[in-house]
There are 2 protein chains.
Amino acid sequence: MDNVRNLFQLLSRNFGLLNEQCCENCCGQEVSNVQSHILYEINRQHHPSMQEVAGALGMDITTFSRQVKTLVDKGFVKKTPHPSDNRMNILSLTSEGLSIENNINLTVNAQLQHVLSTMSEFERDTVIRSIKLFNDAMQKSVSCCTPPQ
Amino acid sequence: MDNVRNLFQLLSRNFGLLNEQCCENCCGQEVSNVQSHILYEINRQHHPSMQEVAGALGMDITTFSRQVKTLVDKGFVKKTPHPSDNRMNILSLTSEGLSIENNINLTVNAQLQHVLSTMSEFERDTVIRSIKLFNDAMQKSVSCCTPPQ
DNA sequence: TATATTATTTGCAAAATGCAAGTATTACTT
DNA sequence: AAGTAATACTTGCATTTTGCAAATAATATA
């Protein structure tokens, strides 16, 4: 009976640090950590609304609204009114936003591959498969991991 | 050639949300997310100084200093001058701080076990072993994962 | 003894946060 | 169809968090 929290706490801390440093390295302070999460999620979803992205990130919608505004001002994100419901805004990355997101992606991936390269191919595959497995399990688990409301 | 970042990004986000919610649940807003990380790390290390904890968490020392002050005021953390070097403060949890840390630990672990319970025992073991493996690899990798300076 | 180095704290100004209340638009209700 | 409710988002405001620069205090070095 391990203390599983320890493992995840360390993992998420280390990944957080790596992510943050990569952000700074490849786009020189242009985006904060939360902002990089927002870019990531906008890119991942299919024509998401504000609420969908904020919900996925577990962010307060008012904080999110302001962060998006900042990203729009910086020219990284575009807000398009929903065609059939003008209350909603569809979020998308501008080409510049996409390029930054790709940059972060490349940098973080390179670092992770570097970490993984110290393992055998078998271990590497196992690790990757395990994390997929756990992510899926977490997604299915309704009792947690769902942003409040 | 997977996009490994995706996996880790999702994992760390989900764990972050879980952690945050557990904090609120079991100690009713008494500690913020960063503060729970601080409690965690003080508990984990052996008579750590301010810099040791701040360093491990990759936090700016001035921000850290103020957060610790808050935790001291709340009665969760104790600062003891280092016996042979009065510049340093040794950090420790008070009994109340420890009890809160244990509470968070129990709650988060229960949630994680719940997620893991959807898997077969083999999968569960593999996942846990994989994360250990990755954590170790990350710790060894000097090119990243080390807080600035 | 004077100077440098280390550990931590404060000043300050900027950024981030979240509740309450606002606006605008669409959905119901009778 | 008019009025009410609900939804999606924004803004006001007060608090908290953040990090650089500079200050303080204690130890190490020259």
Side-chain angles (χ1 to χ4, degrees), chain A residues 16-17 19-21 23-24 28-39 41-42 45 47-74 76-92 147-149, chain B residues 16-17 19-21 23-24 28-39 41-42 45 47-74 76-92 147-149:
Chain A
L17 288 175
N19 210 20
E20 217 159 328
Q21 274 185 279
C23 273
E24 287 179 12
Q29 305 275 23
E30 284 182 291
V31 294
S32 73
N33 203 35
V34 272
Q35 285 166 3
S36 98
H37 274 269
I38 295 175
L39 295 182
E41 189 61 22
I42 291 176
Q45 288 195 29
H47 299 325
S49 69
M50 304 265 297
Q51 288 208 324
E52 281 169 321
V53 178
L57 296 173
M59 280 183 73
D60 179 273
I61 188 71
T62 71
T63 304
F64 182 77
S65 170
R66 274 182 267 248
Q67 287 286 8
V68 167
K69 193 179 182 181
T70 309
L71 288 168
V72 169
D73 290 346
K74 285 185 177 179
F76 301 157
V77 167
K78 205 176 114 192
K79 267 158 77 174
T80 318
H82 189 284
S84 69
D85 187 341
N86 270 306
R87 289 173 299 184
M88 284 194 258
N89 286 116
I90 300 304
L91 298 176
S92 58
Q149 307 285 2
Chain B
L17 288 174
N19 211 19
E20 218 159 329
Q21 274 186 278
C23 273
E24 287 178 11
Q29 306 274 23
E30 285 183 288
V31 292
S32 74
N33 203 36
V34 272
Q35 284 166 5
S36 98
H37 275 269
I38 294 175
L39 295 183
E41 190 61 23
I42 292 177
Q45 288 196 28
H47 299 326
S49 70
M50 304 267 295
Q51 287 208 325
E52 281 170 321
V53 178
L57 296 172
M59 280 183 73
D60 180 271
I61 188 70
T62 71
T63 304
F64 182 78
S65 169
R66 275 183 267 248
Q67 287 286 7
V68 167
K69 193 179 180 181
T70 309
L71 288 169
V72 170
D73 290 347
K74 285 183 177 181
F76 301 156
V77 168
K78 205 176 115 192
K79 267 159 76 174
T80 318
H82 189 284
S84 70
D85 187 342
N86 269 306
R87 288 172 299 183
M88 284 194 258
N89 286 117
I90 300 303
L91 297 176
S92 57
Q149 309 282 3

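Chain letters run A, B, ... following the sequence lines, proteins first, then strands; residues in each count from 1.
- Nucleotide dA8(D) holds its P atom 11 Å from the CD1 atom of I90(A), rounded to whole Å.
- Atom pair L91(B):CG and dA7(C):C1' shows a separation of 12 Å (rounding to whole Å applied).
- Listed by chain and residue number, nothing satisfies the side chain to side chain donor-acceptor pair (under 3.5 Å) test with R66(A) (two or more places apart in sequence, or in another chain).
- OP1 or OP2 of dT9(C) lies within a sub-4.0 Å distance of a side-chain N or O belonging to S65(B).
- Under the side chain to side chain contact (heavy atoms under 4.5 Å, CB included) criterion, K69(B) pairs with D73(B), sequence neighbours left out.
- With distances taken from any side-chain atom of M88(A) to the nucleotides dT11(D), dA8(D), dT9(C), the minimum falls on dA8(D).
- Between K69(A) and dC9(D) there is no side-chain N or O to OP1 or OP2 distance below 4.0 Å.
- Between T80(A) and N89(A) the shortest side-chain heavy-atom distance does not fall below 4.5 Å.
- When the side chain to side chain donor-acceptor pair (under 3.5 Å) test is applied to Q45(A), the partners found at least two apart in sequence or on another chain are E41(A).
- Contact between P81(B) and N86(B) at its shortest, heavy atoms only, is CB-OD1, 3.8 Å.
- Here the CG atom belonging to N33(A) is positioned 4.5 Å from the CD atom belonging to E20(A), to the nearest 0.5 angstrom.
- For the atom pair CG of L91(A) and CZ of F64(A), the computed distance is 5.5 Å after rounding to the nearest 0.5 Å.
- Not counting sequence neighbours, the partners of D85(B) by the side chain to side chain contact (heavy atoms under 4.5 Å, CB included) test are H82(B), R87(B), M88(B).
- To the nearest 0.5 angstrom, N19(A) atom CG is 5.5 Å from H37(A) atom NE2.
- The shortest side-chain heavy-atom distance between K74(A) and Q35(A) falls under the 4.5 Å cut-off.
- Five base pairs at each end of the helix from dT1(C)-dA30(D) to dT30(C)-dA1(D) define two local axes, and these are offset by 10° (rounded to 10°).
- Going from atom CG of L57(B) over to atom P of dT18(D) covers 12 Å, rounded to whole Å.
- The separation between I61(A) atom CD1 and dC19(C) atom C1' is 14 Å, rounded to whole Å.
- In this view, T62(B) and D60(B) satisfy the side chain to side chain donor-acceptor pair (under 3.5 Å) rule, not counting sequence neighbours.
- Atom CD of Q51(A) is separated from atom P of dT10(D) by 10 Å (rounded to the nearest Å).
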Interface polar pairs with nucleotides 14-17 of chain C, N/O, under 3.5 angstrom:
residue : atom : partner : partner atom : Å
dT17(C) : OP2  : Q67(A)  : NE2          : 3.3

Nucleotide N/O to protein N/O under 3.5 Å, stretch nucleotides 22-30 of chain D:
residue : atom : partner : partner atom : Å
dT27(D) : OP1  : N86(B)  : N            : 3.1

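- For the pair H37(B) NE2 and dT18(D) P, the computed distance is 12 Å after rounding to whole Å.
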